[in-house]
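As the structure lists them, so they are numbered: ligands from 1, and atoms in each ligand from 1.
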Amino acid sequence: MKKILITRRLLRSCEDKAKELFDANFNLNDELYSQKKLIEMSTGCDGILSALTDKLDAETINQLPESVKIISNFAVGFGNIDLEAAKKRGIAVTNTPDVLTDATAEIGVLLILGACRRASEGIEKAREGGWVWSADMLIGKQLTGTRLGILGMGRIGQKIAKIAKSLGMIIHYHNRSKLSEEKEQGATYHDNLNDLMKVSDVLSVCCPASKETINLINKDTLELLPKGAVVTNVARGDIIEDEALIDALERRKVYAVGLDVYKNEPNLNPGYLKHKSAFILPHLGSATKETRTAMANLAIDNMDEFFKTGDCKNKVN
Ligand code: GLV
């Protein structure tokens, strides 16, 4: 039986599945392993089932035991892993696409709604009590007829587009390449980010984090947005330059933000906390029972497929 390290706790049924297939080493207290501890815990392991909280940078990967042949990431994103370093050491890296598309798109839409309709302020007021309905209380931005700019029209972006369209939004997108008409569903393609920014009353960041996308949303690109635009991010914090976005909020260039992901999670830039118009969530994109179960099962299946065949359809390096 192959020996594996599972760096974070999974839902019970998934841990049971892992036990059946592997000699699995569980992190019973669900503590965050330091890089040193993760290397120690991998001793004698054939694979690591990692989470997005594990920083598998080149330095860590280079110190992993020779026996480790696969890192199966329990996430669709893999910005926490240095793919090149893993490749150089002959370690396959896999991810969990598709199964989390719907859940993440739901949160993407929640961010749009929460930011546009001032949900944070509304929740605070409702909890405080003593509020009296009035015609102008917490007036927000209606989505009907508003232009939604989607940065990264992959699976999650497409699903957000579909839901947003049903809410009456007009969809624009920027992607490395134009989608087929069938996938575009009437959305307007922009072959560069600047053009997308100019028409985005609401921006939804949905692209993966990579060397090319880091800080794409910055002082210069934010300036191109229409005044009073809304910025949301369901992808990765690395894509946004926080200081520039907070400054844009302060100047009312940006009306509100809806964020689920941050640089240096969980230590988000405190500038966001000061703003009532920041609708913020703690990285809940895939957090439903169905989705977390499907993701963990896929991460386990990825390892199983790799051990049986030497390859895996969800290999990303
Ligand atoms: C979640 O953020 C994921 O990448 O799966």
For A75, take its heavy atoms, then give the atoms of ligand 1 lying under 4.0 Å from any of them.
3 (C), 4 (O), 5 (O)

Report the part of T96 (side chain from C-beta onward, or backbone N, CA, C, O) that has a heavy atom under 4.0 Å from ligand 1; answer both or neither where that applies.
neither

Just checking, is any N or O donor in the side chain of Y33 or D54 under 3.5 Å from an acceptor N or O on the other one?
no

Shortest protein contact, atom 5 (O) of ligand 1 (heavy atom only)
V76 N, 2.8 Å

Answer with yes or no whether the side chains of D136 and S134 bring together a donor and an acceptor at under 3.5 Å.
yes

Just which atoms of ligand 1 are under 4.0 Å from any heavy atom in G77?
3 (C), 4 (O)

Within the structure provided, determine whether L38 and T7 are in side-chain contact (heavy-atom separation under 4.5 Å).
yes

Under 3.5 Å, is there a donor-acceptor pair between the N215 and K263 side chains?
yes

Identify, by atom number and element, the atoms of ligand 1 in contact range of H283, meaning under 4.0 Å from any of its heavy atoms.
1 (C), 2 (O)

If you measure from each non-hydrogen atom of L100 to ligand 1, which part falls under 4.0 Å: side chain, backbone, both or neither?
side chain

Polar proximity ligand 1 side, S286 side, N/O cut 3.5 Å exclusive:
no

hydrophobic_cluster_shared for L196 and V254, side chain cutoff 4.5 Å:
yes

Does ligand 1 come near enough to F74 that some N or O of the ligand is less than 3.5 Å from an N or O of the residue?
no

Heavy-atom check, side chain of D102 versus side chain of T291, under 4.5 Å
no

Looking at every heavy atom in both A86 and N317, which two are closest together, and how far apart are they?
CB-ND2, 3.8 Å

In short, R8 meets A51 closest at the heavy-atom pair CG-CB, 3.6 Å

Does an N or O from A235, backbone or side chain, lie closer than 3.5 Å to an N or O of ligand 1?
no

Under 4.0 Å to a heavy atom of L52 - the qualifying atoms of ligand 1, by number:
1 (C), 2 (O)

R236 heavy atoms within 4.0 Å reach ligand 1 at atoms 1 (C), 2 (O), 3 (C), 4 (O)

